[in-house]
Chemist: 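This is the structure I want to talk about, given as structure tokens.
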Amino acid sequence: MEYGFSAIEKKWQEAWKMNNAYRVSNDPSKPKYYVLDMFPYPSGAGLHVGHPLGYIASDIFSRYKRLKGFNVLHPMGYDSFGLPAEQYAIEHGIAPAISTDRNIDNFRSQLDKIGFCYDWDREVRTSNPNYYKWTQWIFLQLFDSWFDRKAQKARSINDLIVIFKAEGNTNTPCPGDKKLVFSAAEWNSGDSSKQSEILMKYRLAFCGVGEVNWCEALGTVLANDEVINGVSERGGHPVVKKKLRQWYLRITEYAERLLAGLQTVDFSDSMKDMQTNWIGKSFGAEIDFEIAAANTSASASHLKVYTTRPDTIFGVDFMVIAPEHELITTITSPEQKKAVEEYLEYVNSRSERERMAEKKITGVFSGAYCKNPFNGVLIPIWISEYVLAGYGTGAIMAVPCGDERDFKFAQHFSIPITNIIGQFFNGNEANPTKEARLENSGFLDGLLMSDAITFSLDKLEELGIGKRQTNYKMRDAAFSRQRYWGEPFPIVWKNDIAIPLSSTALPIELPELSDLKPGPDAQGPLANLPEWLSYDGGAREVNTMPGYAGSSWYFLRYMDPQNDSEFCSRAASDYWGQVDLYIGGTEHAVGHLLYSRMWTKVLFDLGHIGFDEPYKRLVNQGKIGGDSRLVYRVRNSKQFVSAGLKDDYETDEIHVDVSLVDGFLLDMEGFKKWKPDFSDATFITEDGEYKCGARLEKMSKRYFNVVNPDDIVEKYGADTFRMYEMFLGPVEQDKPWDTKGIEGVHRFIRKFWRLFFDAEKGLVATQTPADAASWKVFYKMLKKVEEDTARFSFNTAVSGFMIGVNELTDLNCHSIELLKKFLIILTPYAPHICEEIWQQIGEVGSILDASYPVVDETYLVETSKEYPVAVNGKTRIILNIDLNATQADVEALVLKEPMIAKWLEGKPPKKIIFVKNKMINVVI
RNA sequence: GCCCGGGUGGUGAAAUUGGUAGACACGCAAGACUUAAAAUCUUGUUCGCUGUAAAGCGAGUGCGGGUUCAAUUCCCGCCCCGGGCACCA
């Protein structure tokens with residue numbers, strides 16, 4: 001009987017579907033385990049073999065946990081709102097809703113072929129009104145909340161109103177406007193429009209005017225993590241700063257908790273580093289410098305700077321303020337007015353991209369000075385774009401001997417440099433050390449800089465000219481997009497006041513819209529729909545939410561996907577709790593993962609769920625690269641030269657479809673038919689063969705190196721495909737795809753099949769009990785495979801199976817008693833073949849619900865070991881020695897060996913090292 | 001520039017706590033079966049040297065040093081590759 005994988009896999013995929021084999025319910029009698037994949041954006045390109053890597057790993061782990069008796073939640077869905085569908089619609093005139101559905105059908109059919117154990121009854125689609133109803137509902141929760149800094153948690157905005165009525169905002173400083181201070185009386189006398197304006201500055205989801213990343217080509221704003229080197233992550237279009245009214249998430253209020261939460265989760269160090277750096281916490285001081293020039297108004301008598309190095313205050317040679325700094329107009333001296341204006345104009349003309357590409361040293365002197373509070377020295381105030389308005393106070397004290405940027409600036413503008421670190425400063429470059437002893441530093445003289453930091457902070461606070469301050473690099477996240485294909489906001493504007501709609505009005509459905517051209521004044525396409533726009537005496541918000549809105553909470557919806565009255569019942573979220581294992585790529589390090597961590601914390605603070613970190617453990621799968629093939633066309637000809645001879649010609653390299661190449665050998669006839677351009681190609685061959693060049697690069701359509709999992713499954717079967725993806729190497733690692741290597745895994749599966757079936761004789765597995773040697777092989781394998789699976793080392797687990805099959809074949813083991821246990825442990829990796837054989841050998845029930853076997857240690861007890869015996873660390877012989885042997889026994893045995901005697905040359909050894917169960921080393 | 005990963009045969013890789021480097025595969029070579037092919041099986045395969053063989057000797061985990069009886073593993077310095085951040089004061 002042959003192994004007919006196509007029929008077997010089709011049969012079981014249908015049977016499992018019919019029997020709802022993967023349906024999971026909230027069963028409190030079993031321990032739960034939640035395994036989650038980052039759900040895909042259903043792009044038109046479909047899946048290539050790189051995509052399922054993480055899905056296969058999580059599927060294996062889910063099935064393993066299920067066999068171990070866990071109630072496993074393993075859902076899948078689609079992140080189906082987003083820019084590409086909209087762009088596709090603009091280019092091809094197909095409505096996003098239609099192209100998205102089509103893409104999802106394609107994804108689904110590809111996923112189904114691989115045999116995943118998803119409970120499809122729990123599928124979510126972020127663009128489905130049943131889903132985004134709750135995205136909008138969570139938005140309302142964010143809108144109706146503020147962050148209580150003392151309690152470090154989100155609270156209802158109504159609580160804040162109570163506080164304002166009683167005491168104003170003196171004890172609850174405004175996160176959106178540091179200068180905003182009002183009393184209870186002032187609050188109570190204000191009109192409702194004034195009050196709304198104030199509350200907006202506290203809300204966790206708020207509307208404000210700010211500098212945003214505007215992408216003209218995409219016609220929308222982008223979040224910081226969607227902009228890479230001044231261009232859009234998607235499409236690579238230029239991005240400029242623009243002032244726009246926008247919705248934001250006040251994620252900065254959660255900076256501290258997002259940081260602290262990292263200590264409680266199991267993410268890779270690099271992932272934690274990325275998030276930590278993005279949050280960018282730093283400790284330092286805000287220091288007030290008195291402005292010395294007479295031409296300043298009383299309200300601007302001080303310049304506030306932020307520094308992490310208050311110990312260097314005697315080394316301050318100039319101040320630098322950002323071009324956007326509010327003091328510029330008041331402090332600029334009449335003589336410098338023109339120069340300053342010209343400079344500001346120049347700065348405005350430069351795009352973000354230009355600033356990043358050419359880091360020129362630019363700046364202008366304001367004409368004003370401030371005074372060093374400790375020695376009264378006058379310090380010139382400069383304006384330069386290298387100081388960022390959005391960070392700290394938008395002003396710095398420049399210490400050229402200790403800071404590279406300050407040093408270069410001082411050099412460029414010939415500003416004299418004060419040396420406060422003696423020998424540590426060589427005059428050619430700044431030295432940011434903290435190890436120097438301070439000089440020229442007044443009361444700090446002689447102190448080690450690292451000690452002087454605390455000392456100077458104390459002094460500044462004592463004198464009331466400065467205070468300790470913690471800053472974060474992270475900014476509030478832009479939360480609106482001027483696009484169509486996203487969640488509409490449940491907001492109506494009346495008299496410039498944002499009115500939240502009642503949760504009973506949800507979902508606010510996205511209206512159908514055939515023409516997706518932008519609306520007027522950088523508004524989204526929804527602004528073109530007057531009948532939709534006008535609502536209840538006001539105007540609807542026309543922006544839509546960004547892609548990360550729906551993905552910030554989808555893991556909760558899977559727990560209770562059909563719920564019409566809640567986003568997720570508390571009973572469901574209490575039962576399933578945190579995601580135990582989350583698998584996905586690193587590209588979401590600072591976007592999705594941070595937002596979704598924040599939303600979880602807010603929902604926790606407001607009492608909707610019982611945990612405040614969504615993902616207990618995160619595993620990042622690597623990317624699978626494509627192995628491209630290249631042909632070389634002799635320039636200006638139709639001749640193609642084989643790779644080995646190409647250096648003799650001037651050639652252009654062309655990517656060729658990998659399916660036209662066997663190894664490196666080109667199918668020349670196939671190549672001619674591939675594209676009309678090549679139909680009359682001629683070849684300069686090596687002995688009649690055309691060899692292609694190769695290159696490892698991203699798997700992508702334009703390199704013609706995409707391998708479709710459908711083709712692999714058709715040729716080798718899903719079970720082989722699954723195991724081969726795992727066998728390629730560690731899941732976390734990037735690695736190239738090589739279709740040839742799959743033969744080894746396919747051979748293994750067929751060899752496994754032959755333990756049960758013979759081509760002529762049919763079933764050869766028997767009821768005869770297995771011998772001890774076979775059991776030993778099996779339990780050794782079980783131990784290895786289980787340990788490896790548990791630690792996500794799937795590649796070595798596959799090799800464990802291979803060793804097991806090889807050894808059982810050698811032992812001629814066909815015992816059903818043993819092999820049925822083998823079937824169970826192989827099931828997570830190769831479910832179809834295992835279920836088929838399980839039924840063939842007459843087992844009742846599905847193998848999916850079998851119980852995982854337990855290692856019987858009695859078969860693994862060893863009485864002796866093959867010890868490597870080394871001389872001076874170099875292994876010379878192997879000796880079989882009883883495990884109970886003592887040091888003296890071992891020494892006697894070793895010294896008797898002629899091979900060892902040869903090395904000793906008659907002399908006694910210096911020492912004999914004996915590590916039980918490990919090795920023996922003779923030192924001479 | 002800063003912060004993370006990583007560098008092991010022709011290739012993918014293994015070595016979990018400092019203890020036999022290269023498991024398991026691919027590829028390649030030789031052979032068996034076959035009219036032939038596919039499939040399957042057997043043997044060999046880190047490199048160099050000696051040997052008909054069995055075997056032996058030497059080198060070897062990016063480079064240079066160190067600690068140790070023993071280093072792919074720990075320490076110091078450097079080189080290269082991948083990823084992230086980047087005027088964050």
Side-chain angles (χ1 to χ4, degrees), chain A residues 2 228-229 268-278 280-282 284 305-309 312 320 322 355-356 359 361 384-388 390-399 402-406 408-409 432 471-475 586-587 589-590 620 622-623 625 627 663 724 727-730 732-745 747-748 750-751 754 759 784 787-788 791 793 795-804 806 809 866-878 899 902 909-915 917-924:
Chain A
E2 289 291 339
I228 313 285
N229 290 331
S268 70
D269 286 344
S270 69
M271 179 60 61
K272 287 187 181 182
D273 274 347
M274 274 189 241
Q275 296 201 6
T276 304
N277 292 341
W278 186 262
K281 183 177 184 173
S282 75
V305 303
Y306 175 71
T307 178
T308 55
R309 296 297 300 275
T312 60
V320 187
R355 274 180 68 168
M356 285 185 176
K359 279 176 191 164
I361 298 170
S384 172
E385 59 182 337
Y386 86 87
V387 170
L388 304 177
Y391 182 77
T393 60
I396 62 151
M397 56 180 228
V399 182
D403 183 284
E404 198 52 42
R405 294 153 303 180
D406 298 346
K408 286 193 173 137
F409 193 87
N471 273 334
Y472 302 90
K473 283 190 219 174
M474 185 170 63
R475 307 292 150 79
T586 44
E587 65 272 22
V590 292
N620 297 113
K623 286 191 190 58
D627 193 4
Y724 182 54
F727 189 61
L728 279 175
E732 295 94 335
Q733 198 170 300
D734 289 352
K735 47 204 168 272
W737 175 263
D738 171 20
T739 302
K740 277 215 154 159
I742 201 169
E743 298 283 355
V745 175
R747 271 176 212 140
F748 152 78
R750 281 187 312 220
K751 200 167 177 181
R754 288 201 302 274
K784 174 167 178 58
E787 278 172 12
D788 287 352
R791 69 187 173 95
S793 179
N795 55 328
T796 55
V798 173
S799 109
F801 284 125
M802 288 172 168
I803 295 168
N806 290 344
T809 302
E866 304 269 308
Y867 279 95
V869 183
V871 175
N872 282 350
K874 189 90 190 165
T875 306
R876 295 299 171 184
I877 50 167
I878 306 287
M899 189 66 204
K902 191 184 108 186
K910 276 194 193 128
K911 209 195 297 184
I912 294 181
I913 312 266
F914 168 52
V915 184
N917 218 359
K918 294 275 187 200
M919 48 70 69
I920 295 158
N921 190 13
V922 181
V923 186
I924 58 174

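Convention: sequence-line order gives letters A, B, ...; per-chain numbering from 1.
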Chemist: Within the pair A/Arg876 and B/rA55, is there a side-chain N or O less than 4.0 Å away from OP1 or OP2?
Modeler: no

Chemist: Using the C1' atom on both, measure B/rG9 against B/rG82 and round to a whole Å.
Modeler: 22 Å

Chemist: Expressed as a whole number of Å, how far does the P atom of B/rG58 sit from that of B/rA71?
Modeler: 15 Å

Chemist: Base, sugar-phosphate alone, or nothing: which one does A/Ile878 contact when heavy atoms must sit under 4.0 Å apart?
Modeler: base

Chemist: For B/rC41, does either OP1 or OP2 sit under 4.0 Å from a side-chain N or O belonging to A/Arg750?
Modeler: no

Chemist: Hey, which sits more toward the 5' end of RNA chain B by its nearest nucleotide, A/Val922 or A/Tyr391?
Modeler: A/Val922

Chemist: Whole Å only: how far is the CD atom of A/Glu743 from the C1' atom of B/rA25?
Modeler: 12 Å

Chemist: Does B/rC26 have OP1 or OP2 sitting under 4.0 Å from an N or O in the side chain of A/Arg747?
Modeler: yes

Chemist: Could you tell me how far B/rG66 sits from B/rG1 if I compare only their C1' atoms? Round to whole Å.
Modeler: 30 Å

Chemist: What's the CG-C1' distance between A/Asp269 and B/rG5, to the nearest Å?
Modeler: 10 Å

Chemist: Give A/Ser384 one of three labels, base, sugar-phosphate or nothing, depending on what nucleic acid heavy atoms sit under 4.0 Å from its own.
Modeler: nothing

Chemist: Base, sugar-phosphate alone, or nothing: which one does A/Glu404 contact when heavy atoms must sit under 4.0 Å apart?
Modeler: nothing

Chemist: Looking at B/rA25, I'd like to know if its phosphate oxygens (OP1 or OP2) sit under 4.0 Å from a side-chain N or O belonging to A/Asn806.
Modeler: yes

Chemist: Is there a side-chain polar atom (N or O) of A/Gln733 under 4.0 Å from OP1 or OP2 of B/rA13?
Modeler: yes

Chemist: Would you name the heavy atoms of A/Lys910 and A/Ile924 that are closest together and state the gap between them?
Modeler: NZ-O, 3.7 Å

Chemist: Without decimals, in angstroms, what is the distance between A/Asp788 CG and B/rA23 C1'?
Modeler: 12 Å

